[in-house]
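Some notes on the structure that comes next.
Throughout, protein chains are lettered first and strands after them, A, B, ... in sequence-line order, and every chain is numbered starting at 1. As the structure is a computational prediction, the values presented were derived from the model and not from experiment.
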Protein chains: 2
Amino acid sequence: MKAPKIQRDQVIRAALDLLDQEGLDGLTLRKLALVLDIQAPSLYWHFSGKQALIDAMADALVMNVVLPQGPDQAWDSRLRQIAAALRQALLKHRDGARVFAGTYVVSDNVLRINESMLEAFALAGVDLSRASTYSFSVLYYILGFVMEEQALGPHGEFDVASRKSAFEELAKRSYPRNFAAREAIFSTDFDARFSTGLELIIAGVKQQASETESKAAPSLTTAEGGASSAKRRSARRG
Amino acid sequence: MKAPKIQRDQVIRAALDLLDQEGLDGLTLRKLALVLDIQAPSLYWHFSGKQALIDAMADALVMNVVLPQGPDQAWDSRLRQIAAALRQALLKHRDGARVFAGTYVVSDNVLRINESMLEAFALAGVDLSRASTYSFSVLYYILGFVMEEQALGPHGEFDVASRKSAFEELAKRSYPRNFAAREAIFSTDFDARFSTGLELIIAGVKQQASETESKAAPSLTTAEGGASSAKRRSARRG
DNA sequence: ACCTGAACACCGTTCAAGT
DNA sequence: ACCTGAACACCGTTCAAGT
């Protein structure tokens, strides 16, 4: 909390560089020490162990995630912005999603992002308890999605072509819907897929909000009504 | 594919037993060999490597997941059944979700489960391409949820109490919504939380289905209309 | 405050060889 | 077809000691 964080940050930066070169499985304290021109045990002065290092890397990954600021942005566009920014941050480093998923860090940056999601849900008219489980759902979605995106990517840990042919052989035999969906399942248009899944969640929030609302004011019937009235009351509350 | 799978299955069973005792991080080929009364290198006759073993374990985990069968069950209740069965299967063994998440297995059982989800979405009136990304979303949700559930559980890898107090200290200072939501965030009523998140997804499907439908038949306006009309055409299609 | 040297107790995997 | 013995090339971590 004091001043001399300069050394510690150097270690984290070097670790993220090494991560890009070697991947998470190749990230080793000995290799990291080599890069830093020190001996491996020296790292234990900076971090209590490898997991603490990885926790710090996870926090650094999401450090620069830009969150919505203005009070006049609708809740759904806020959510889209947060999700996109988080995904991009995870994509920025090889195995980023795996690094982040392995560690349930309670860090400044994690809470900062979560706060912004809770705000968005509040604007949508979702109560706080629901909002907190919703934000977990969004997080799970993003992590799961990007983990798979990175596993299939250029540095991915497995061979897409052989995987696809194994899938097709199995699906063709016994699982007609899987077979029919094979192109969609192996689509590499990740932007489109990410958006489709995110919109599913957003649609769910709208639907839930409209249900809650119609109990309070039963005259509003459509989901559209619920969503736009939530937007209407979006003034401020911080 | 022939007959002598008896030995291979013994290895997998022993591995799952060992997993329960040692956790995924403690699961070692040497320990497994000891339990089986053989030497570690012998395992390489049965599996090409540790990852192949874990893939087989992941498949075994979901082997007995019971899927909806009757033609007269509504799509949403199907989805709830699949999700609950999958969660229970992952919970059955220590670190089950981590085992499953680490491996993007293309196995019989995975496709079987996915086929059932695709069926459910088809009954909801979702086209196949969307359905395939929706089923991934559901999978990500379940995996993320259970991973956290198990990380916080009795064998969990970290201390909940110290985590909570770290959270509270940070949240109290700068993140009012996180602080206000602290009880919900650290709630251990996992059944309720799981259901809340799943219902969010189900609500999203309803909303999306009603939107798609209102393009085709603009007279139906409410989300309820979309959902129930989807149920109406739920005859059969296999 | 920061780092080293040496060691401990492990890993997954390979491979020639046994039966 | 199934297993062993011996070895290789690593790991994370501890700890007394140095500066």
Sidechain-backbone polar pair: A:D95 side chain, A:L24 backbone, donor-acceptor under 3.5 Å: yes
Short side-chain to backbone donor-acceptor contact, A:E115 and B:R177, under 3.5 Å: yes
Minimum heavy-atom distance between B:N178 and A:L118, given as atom pair plus value: N-CD1, 3.7 Å
Rounded distance (Å) that lies between atom C1' of C:dT4 and atom CD of A:Q39: 6 Å
Contiguous Watson-Crick or G-U pair runs (3 or more, under 3.5 Å) in DNA chain C: C:4-8 with D:12-16, C:12-16 with D:4-8
Residues within residues 14-25 of chain A bordering DNA chain C, heavy-atom distance below 4.0 Å: none
Row check, B:Y134 ring normal vs B:R130 NZ/CZ: under 6.0 Å, within 45°: no
Lys/Arg cation over aromatic B:F194: B:R87, 6.0 Å, 45° cone: yes
Distance, rounded to the nearest Å, where B:D37 contributes CG and D:dT4 contributes P: 9 Å
Rounded distance in Å between the P positions of D:dC2 and C:dA17: 22 Å
Heavy-atom check, side chain of B:K172 versus side chain of B:R182, under 4.5 Å: no
P-based separation of C:dA9 from D:dA9 [nearest Å]: 23 Å
Donor-acceptor pair between B:D17 and B:Q21 side chains, under 3.5 angstrom: no
Check: A:Y140 ring centre within less than 6.0 Å of B:Y140 ring centre: no
Residue-phosphate contact under 4.0 Å: B:H46 side-chain N/O, D:dC3 OP1/OP2: yes
Sidechain-backbone polar pair: A:S42 side chain, A:Q39 backbone, donor-acceptor under 3.5 Å: yes
Test log, rule salt bridge (Lys or Arg N to Asp or Glu O under 4.0 Å), inputs A:E149 and A:R193: CA-CA 10 Å; A:E149 183 173 6; A:R193 287 174 60 183; over 6 Å; no
Distance in angstrom units between B:L34 CG and D:dC3 C1', rounded: 16 Å
Base versus backbone protein contacts along nucleotides 12-19 of chain C [heavy-atom cut-off under 4.0 Å; B, S, -]: BBBB----
Residue among A:R30, A:R94, A:K31 satisfying salt bridge (Lys or Arg N to Asp or Glu O under 4.0 Å) with A:E22: A:K31
Interatomic distance where CH2 belongs to B:W45 and P belongs to D:dA1 [whole Å]: 7 Å
B:S42 vs D:dT4: side-chain N/O to OP1/OP2 distance below 4.0 Å: yes
